[in-house]
Each structure stands twice: as structure tokens, then as C-alpha cells.
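Read through the structure below, which is laid out as C-alpha cells, and then see the notes.
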Amino acid sequence: MARAIRLAWKGLYTTDPNPRVGCVLVRDGEIVGEGWHRKAGEPHAERIALAAAGEKARGATAYVTLEPCCHQGRTPPCTLGLIDAGVKRVIAAMEDPNPLVSGKGLQQLREAGIETASGLLRGEAQKLNPGFIKRMSKGLPWVRCKLAMSLDGRTAMASGESVWITGEDARRDVQRLRARSSVLVTGIGTVLADDPALNVRLSPEQLPGVESGEYLRQPVRVVLDSSLRTPETAKLFTLPGEVWLFHAHGSPEKAAKLEAKGARLLRLEQGLDLPLVMQELAHREINEVLIEAGPTLAGAALQSGVIDELVIYMAPHVMGHQARGLFHLPGLEKMAERVPLEITDIRAVGRDWRITAHPAG
């Protein structure tokens with residue numbers, strides 16, 4: 001199962017909106033076939049492993065990181081492939097949270113006389129697909145917020161200057177975060193101030209598991225722009241990939257101009273309530289969201305409870321008390337009102353430090 005999990009990680013940057021899945025077939029103590037899901041529309045991990053094993057799959061045990069699917073989607077059900085191949089036993093790390101599959105895939109295998117079990121290395125398997133799991137179980141995507149700060153917690157000088165707080169290694173690490181994300185979210189304030197590109201600037205060869213020359217999927221770029229102030233000349237419109245603008249109002253003339261530039265306009269008449277925005281993204285098969293924004297949107301996301309994970313890059317310098325802070329959190333006046341975090345990882349990235357934390361509780 002550990003081998004199957006390592007294989008599944010090879011699909012980190014390519015499977016969206018499908019889950020990352022690995023499969024290993026073992027017979028008489030030897031691996032006879034293995035595979036991982038590469039991208040939506042292509043064969044699932046089980047089908048690839050079965051094809052590699054051929055006749056050796058008969059009587060084998062299949063170790064798969066996610067319960068085999070039992071419904072017809074973009075590809076045929078994997079349960080039928082395992083049954084037809086004569087697999088003797090199927091061990092799943094976890095059940096599929098998709099209501100169309102959950103428990104039904106293993107049940108179908110048992111009804112066909114195949115021994116089944118689940119739960120082996122479940123925790124490790126869950127780390128593969130936080131967005132897919134949350135979307136299927138709660139109707140929401142997994143939301144990360146990326147921030148860069150100085151040692152004294154500052155993100156920009158008082159003038160707004162912020163390039164570059166961190167070093168080249170940290171910036172390359174951010175590119176990998178972008179590459180695994182379904183969408184990148186920013187606010188209209190950042191668009192007007194910085195005219196960001198918000199794209200993945202690594203080549204496929206720089207991403208583990210992505211084959212040389214393979215098309216690199218660009219995450220959707222999402223701007224929260226309540227009154228459609230995004231300039232038609234924004235850099236977002238000059239690069240490959242989709243641009244979605246969430247708005248509440250704005251002139252029909254400006255809307256038509258932005259649509260002519262290729263923007264997809266998504267109107268929320270009740271305003272850009274962040275939990276509602278996340279629901280809308282999940283409805284559009286968005287698994288993992290990466291927020292890259294200034295302190296106002298970052299603070300609003302933290303206070304609204306939509307953030308699942310904070311990824312903070314800390315550079316070894318100080319910027320002074322007049323520089324801008326990490327979050328804009330109005331109303332915090334007492335120690336009891338602090339926002340508690342649970343730090344889950346701290347590691348060096350070049351000369352900087354990357355801190356991964358989750359809102360406590």
C-alpha cells in the first residue's frame with residue numbers, strides 16, 4: 001500500500017478534478033502490475049495495473065489507495081475490470097467519499113466473491129486528496145492561503161512595495177503549490193495594485209510525475225471583483241488558462257467588454273460572501289483553492305472560516321513597524337479573541353522558512 005501511495009503522488013499535478021489514486025497488484029509475494037491515474041478521461045489506476053499484469057492478475061491481491069469506482073463516468077467501472085481479471089482480494093486504503101461509490105464499490109466486489117478490506121494506511125491516503133474528499137463530503141473545496149512575510153510579520157512596505165520578500169527557492173515552491181491547485185483566487189485590490197499573472201511558470205519537466213512535453217494544466221484564475229473593476233488590459237487575459245470573475249453588480253457594458261476578453265462572469269447578487277463563493281467553486285468541480293491576496297482578503301477568509309490551511313513563507317529580514325501586516329482583522333481587541341492555529345510543519349526552503357498551519361478546531 002505504501003508503494004501504491006507513492007505512485008498516486010505522481011498524479012499530484014495532473015488528475016484534477018479526479019482524485020489521485022495508485023494501485024499495486026501482488027501475486028505470490030511479487031508485484032505483477034502497478035499504475036496510477038494520470039488525468040481525467042484516461043484509465044484509472046486499477047485499469048493501468050491490470051493491463052500491466054495481464055494474466056498474472058488472476059488470483060492476485062490489489063492494493064489501491066481509494067475504493068474502486070463502480071459507476072460509469074468518463075471511463076468504465078474499475079470494479080468490473082477487477083472482477084473480469086480474476087483478482088482474488090482487494091485492499092483499499094479508504095472508502096470513496098463520492099456518494100455514487102462510497103461503500104458500493106467494495107460491496108460489488110464482495111458480491112462477486114472477492115475478499116475486501118479497507119483502512120490500511122488510511123491517513124496517508126487521505127493526504128493525497130484533501131480537496132476531493134472535502135468536496136464530496138461537505139460540498140466545499142479545500143482552501144489554502146499562501147502568504148509571504150518578513151521575520152517581523154510584514155508583507156509589504158508602507159508604500160506597497162513587496163517584490164521580492166522571499167528568495168528564489170521559496171518562489172519556486174509557490175509555483176508547485178499553484179500547479180497542484182484547481183484555482184488561484186485573488187481580490188480586485190491585488191489586480192489593480194500589482195497586475196499579477198497568477199500562472200504556473202514551471203515547465204512540465206520541473207514537476208515530479210509530469211512527463212516531459214506533456215501539456216501542463218493551468219489553474220483557473222479567479223478574481224473577486226464585486227463591481228467589475230478589472231481592467232480589460234489586465235495581464236490575466238494575455239496568458240493561457242481560464243479567468244473567472246465573481247461579481248455582485250457592474251455595468252452591462254463593462255461586463256460585455258470583459259467577456260470579450262475571455263472572462264467568465266459569475267454573478268452573486270447577494271454579494272461576494274466567501275463561504276458562498278467556495279460553494280459555487282465546489283459546484284464547478286473545484287477541489288483545491290489557493291488564495292494569493294493581500295491582508296484584506298486574507299483576513300476576511302480567515303475570519304469567515306473558509307481557510308483549511310495556511311502556507312506562510314518567512315524570510316530572514318525585518319521590514320519595520322510601518323510596513324503592512326499579514327492579515328487585516330478588524331475587531332480583535334482582547335487576547336481571548338486571538339485566532340488559534342495548529343502548526344503542522346516547519347521546514348527550510350532555501351534561505352527562507354515555510355510554515356504550514358491549520359486553524360485550530
Side-chain angles (χ1 to χ4, degrees), residues 16-17 97 129-147 174 177-178 180-200 217-231 234 236-237 241-252 254-255 258-259 261-311 326-331 339 358-359:
D16 199 74
N129 298 297
F132 179 79
I133 293 170
K134 189 178 179 188
R135 178 166 68 88
M136 288 298 170
S137 60
K138 297 184 178 181
L140 292 167
W142 182 267
V143 180
R144 292 184 183 87
C145 182
K146 185 278 295 181
L147 299 153
V174 170
L177 271 182
R178 288 182 177 183
R180 71 170 291 172
S181 302
S182 312
V183 302
L184 308 180
V185 174
T186 196
I188 182 59
T190 297
V191 172
L192 294 175
D194 301 334
D195 193 20
L198 290 180
N199 63 336
V200 178
R217 176 192 60 84
Q218 287 287 346
V220 176
R221 297 182 292 269
V222 172
V223 180
L224 305 184
D225 180 7
S226 60
S227 56
L228 292 182
R229 292 188 291 153
T230 300
L236 297 168
F237 300 125
E242 296 184 60
V243 178
W244 297 357
L245 302 181
F246 277 90
H247 69 109
H249 46 85
S251 73
K254 182 61 180 292
L258 290 170
E259 288 178 327
K261 298 295 290 187
R264 180 178 182 182
L265 270 55
L266 302 171
R267 185 175 181 182
L268 300 178
E269 294 185 1
Q270 58 271 64
L272 301 191
D273 174 76
L274 285 173
L276 183 56
V277 168
M278 297 308 160
Q279 288 178 22
E280 290 294 323
L281 290 175
H283 181 67
R284 290 166 172 79
E285 293 191 310
I286 298 302
N287 288 334
E288 297 186 19
V289 171
L290 181 62
I291 295 177
E292 293 194 50
T296 300
L297 179 54
L302 189 62
Q303 286 189 314
S304 69
V306 302
I307 292 178
D308 297 293
E309 183 178 321
L310 290 165
V311 182
L326 202 61
F327 295 101
H328 179 62
L329 296 171
V339 180
H358 301 269

How many angstroms lie between atom [atom1] of [X] and atom [atom2] of [Y], to the nearest 0.5 angstrom?
| X | Y | atom1 | atom2 | value |
| --- | --- | --- | --- | --- |
| Met278 | Ile307 | CE | CD1 | 8.5 Å |
| Arg180 | Leu177 | CZ | CG | 7.5 Å |
| Thr230 | Leu236 | OG1 | CG | 7.5 Å |
| Lys254 | Arg229 | NZ | CZ | 9.5 Å |
| Leu268 | Leu276 | CG | CG | 5.0 Å |

4.5 Å side-chain heavy-atom contact, Ser251 and Leu228: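 With C-beta onward as the side chain, the pair stays apart.
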
Would you call Val222 and Val289 a side-chain contact if the rule is heavy atoms closer than 4.5 Å?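 When only atoms from C-beta onward are counted, Val289 and Val222 do not touch, as no gap falls below 4.5 Å.
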
Test Asp225 against every option in Ile188, Leu272, Val191 by the side chain to side chain contact (heavy atoms under 4.5 Å, CB included) rule and name the one that passes. Ile188

Among all residues two or more places apart in sequence or in another chain, which pass the side chain to side chain donor-acceptor pair (under 3.5 Å) test with [X]?
| X | result |
| --- | --- |
| Arg221 | none |
| Asn129 | none |
| Glu309 | Trp142, Arg144 |

Derivation of the side chain to side chain contact (heavy atoms under 4.5 Å, CB included) call for Phe246 and Leu281: CA-CA 10 Å; Phe246 277 90; Leu281 290 175; 3.8 Å; yes

Solution key, residues 291-305 side-chain donor-acceptor pairs under 3.5 Å, sequence neighbours excluded:
from   : atom 1 : to     : atom 2 : distance (Å)
Glu292 : OE1    : Lys146 : NZ     : 3.4
Glu292 : OE1    : Arg178 : NH2    : 3.1
Glu292 : OE2    : Arg178 : NE     : 2.7
Gln303 : NE2    : Pro330 : O      : 3.4
Ser304 : OG     : Ala300 : O      : 3.1
Ser304 : OG     : Ala301 : O      : 3.0

Where at least one partner belongs to residues 268-282, residue pairs that pass side chain to side chain donor-acceptor pair (under 3.5 Å), sequence neighbours excluded: Glu280-Arg284

What is the minimum heavy-atom distance between [X] and [Y], and which atoms define it?
| X | Y | value |
| --- | --- | --- |
| Pro219 | Val200 | CD-CG2, 3.6 Å |
| Phe132 | Pro17 | CD1-O, 3.9 Å |
| Asp308 | His358 | O-ND1, 2.8 Å |
| Leu245 | Ala263 | CD1-CB, 4.0 Å |

With sequence neighbours excluded, what pairs up with [X] under the side chain to side chain contact (heavy atoms under 4.5 Å, CB included) test?
| X | result |
| --- | --- |
| His249 | Ser227 |
| Asp16 | Ser182, Arg217, Asn287 |
| Ser181 | Leu184, Leu290 |
| Lys138 | Lys134 |

Judged by atom type as modelled, is there a donor-acceptor pair below 3.5 Å linking the side chain of Arg135 to the main-chain atoms of Leu140? no

Salt bridge (charged side-chain N to carboxylate O under 4.0 Å, His left out) against Glu242, all qualifying residues, sequence neighbours excluded: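 Here no residue qualifies.
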
